[in-house]
Asker: 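Quick one: this structure, given as structure tokens, is what I'll be asking you about.
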Amino acid sequence: MKRFQFPLETVLSYKQQMLDAQQAEHAIIIAAVQKQEEHVRLLQEEYEAYANEYRVHCAAGMDIKEVLACQAGLRAREREIQQQTAELKKLHQQEEEKRMEVIAAKQDTSSIEKLKGKQVSLYNAAAAKSEELLIEEFVSSRRCAAMG
């Protein structure tokens, strides 16, 4: 019997390549999310340190120019945190979309692999049956030759 050949092997290979590419893209987005989360965390720490410094200077006494400058600095940091948080939210959404694409690609690949598994088991069953018939025919022809 000829060797098993899956007719959708090229499709399976293509789907696997697409899955690998989707997973790589997803990993890149996850890395970007983590980097952005770290950036936002550092900005928040910087803001807290600046706010504490502002409170200490206010308690020690500052002139109005310094107060206004510090308040402007605080507002600028708040805006930067808001912008970076909005960017983080976009990255989270991109990560979610890419994760859904990866799941869909895994499902496609899995369904083709299951089909291949079923066809392999059918092929193996047919090969075993063919071998069995061949052995029976051989035994039968030997008996006939021995008798006659």
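For the single chain, residues carry numbers from 1 onward in sequence order.
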Asker: For the pair Glu37 and Arg41, find out whether any cationic side-chain nitrogen is under 4.0 Å from an anionic carboxylate oxygen.
Answerer: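 No.
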Asker: Do other residues, nucleotides or ligands put more than 12 heavy atoms under 6.0 Å from the CD atom of Gln5?
Answerer: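 For Gln5, atom CD is not crowded (no more than 12 foreign heavy atoms under 6.0 Å).
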Asker: Do you know the tightest heavy-atom contact between Val102 and Gln22?
Answerer: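 It is CG2-O, 3.5 Å.
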Asker: Passes side-chain contact (heavy atoms from CB on, under 4.5 Å), Thr85 versus Lys89? Steps please.
Answerer: CA-CA 6 Å; Thr85 302; Lys89 187 176 180 180; 5.9 Å; no
Asker: Which distance, rounded to the nearest 0.5 Å, do you find between the CD of Glu136 and the OG of Ser140?
Answerer: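 Between atom CD of Glu136 and atom OG of Ser140 there are 9.0 Å.
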Asker: Please determine whether side-chain contact (heavy atoms from CB on, under 4.5 Å) holds for the pair Glu25 and Ile28, giving the CA-CA distance in whole Å, both sets of side-chain angles, and the decisive distance to 0.1 Å.
Answerer: CA-CA 5 Å; Glu25 291 172 12; Ile28 290 169; 5.5 Å; no
Asker: Locate the shortest heavy-atom distance separating Ala105 from Leu19; write the atom from each residue and the value.
Answerer: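 Nearest heavy atoms, Ala105 then Leu19: CB-CD1, 3.8 Å.
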Asker: Is there a donor-acceptor pair closer than 3.5 Å between any side-chain N or O of Ser121 and the backbone N or O of Lys118?
Answerer: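 Yes, because the side chain of Ser121 sits within donor-acceptor range (under 3.5 Å) of the backbone of Lys118.
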Asker: CG/Leu12 to OG/Ser110 distance, rounded to the nearest 0.5 angstrom?
Answerer: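 Reported value, rounded in 0.5 Å steps: 10.0 Å.
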Asker: Please report the closest heavy-atom contact between Leu74 and Tyr50, naming both atoms and the distance.
Answerer: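 So the minimum-distance heavy-atom pair works out to CD2-CD2, 3.4 Å.
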Asker: Do you know the tightest heavy-atom contact between Val40 and Leu88?
Answerer: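 Result for this residue pair: CG2-CD2, 4.5 Å.
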Asker: When you check the gap from the basic side-chain N to the acidic O, do Glu113 and Lys15 get nearer than 4.0 Å?
Answerer: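 So Glu113 does not pair with Lys15 through a salt bridge.
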Asker: When rounded to the nearest 0.5 angstrom, what distance separates CD in Glu131 from CZ in Phe138?
Answerer: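 Going from CD on Glu131 over to CZ on Phe138, the span is 13.5 Å.
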Asker: So do Cys70 and His57 actually touch side chain to side chain, heavy atoms under 4.5 Å?
Answerer: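 No, every pair of side-chain atoms sits at 4.5 Å or beyond.
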Asker: Nearest 0.5 Å, what's the NZ-CG distance between Lys129 and Leu133?
Answerer: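 Spacing of NZ (Lys129) from CG (Leu133) equals 5.5 Å.
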Asker: Under 4.5 Å between any side-chain heavy atoms of Leu8 and Lys116, yes or no?
Answerer: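 Not in contact.
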Asker: Compute whether any side-chain donor of one residue and acceptor of the other, for Gln36 and Glu87, lie under 3.5 angstrom apart.
Answerer: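 No pair is found: no donor N or O on one side chain lies under 3.5 Å from an acceptor on the other.
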Asker: In this structure, would Leu42 and Leu91 fall into the same cluster of hydrophobic residues linked by side-chain contacts under 4.5 Å?
Answerer: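 They do not share one cluster, since no chain of ILVMFWY contacts under 4.5 Å joins Leu42 to Leu91.
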Asker: When hydrophobic residues are tied together by side-chain contacts of less than 4.5 Å, even through go-betweens, does Met18 share a cluster with Ile112?
Answerer: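 Met18 does not cluster with Ile112.
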Asker: Could you pull out the closest heavy-atom pair between Phe4 and Gln119, with the gap in Å?
Answerer: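 That closest heavy-atom pairing would be CE1-O, 3.7 Å.
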Asker: Salt bridge between Arg77 and Glu80, side-chain N to carboxylate O under 4.0 Å?
Answerer: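 No, no charged N to carboxylate O under 4.0 Å.
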Asker: Hydrophobic clustering (ILVMFWY, side-chain heavy atoms < 4.5 Å, transitive) - are Met62 and Leu68 grouped together?
Answerer: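 Leu68 does not cluster with Met62.
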Asker: Counting only N and O atoms by type, is there a donor-acceptor contact under 3.5 Å from the side chain of Ser141 to the main-chain atoms of Glu137?
Answerer: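 Flag set: sc Ser141 to bb Glu137 pair under 3.5 Å.
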Asker: Using a distance-only test with no angle check, is there a side-chain donor-acceptor pair under 3.5 angstrom linking Asp20 and Gln16?
Answerer: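 On atom types as modelled, these side chains qualify, holding a pair under 3.5 Å.
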Asker: Assess whether side-chain contact (heavy atoms from CB on, under 4.5 Å) is satisfied between Glu48 and Gln44, documenting all intermediate values.
Answerer: CA-CA 6 Å; Glu48 289 299 320; Gln44 289 171 336; 5.6 Å; no
Asker: For a side chain to side chain donor-acceptor pair (under 3.5 Å) with His26, tell me which candidate from Lys98, Gln94, Glu95 qualifies.
Answerer: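 Single side chain to side chain donor-acceptor pair (under 3.5 Å) partner of His26 among Lys98, Gln94, Glu95: Glu95.
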Asker: Closer than 3.5 angstrom, by distance alone: can the side chain of Ser130 be matched with the main-chain N or O of Ala126 as a donor-acceptor pair?
Answerer: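 Flag not set: sc Ser130 to bb Ala126 has no pair under 3.5 Å.
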Asker: Using side-chain heavy atoms (C-beta onward) and a distance below 4.5 Å, is Val120 in contact with Phe6?
Answerer: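 They are not in side-chain contact.
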Asker: On a heavy-atom basis, which atom in Ile81 and which in Tyr47 lie closest, and how many Å separate them?
Answerer: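 Heavy atoms of Ile81 and Tyr47 come nearest at CD1-CB, 3.7 Å.
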Asker: Give the C-alpha distance, both sets of side-chain angles, the deciding distance and a yes or no for salt bridge (Lys or Arg N to Asp or Glu O under 4.0 Å) between Lys35 and Glu38.
Answerer: CA-CA 5 Å; Lys35 183 178 177 183; Glu38 179 66 15; over 6 Å; no
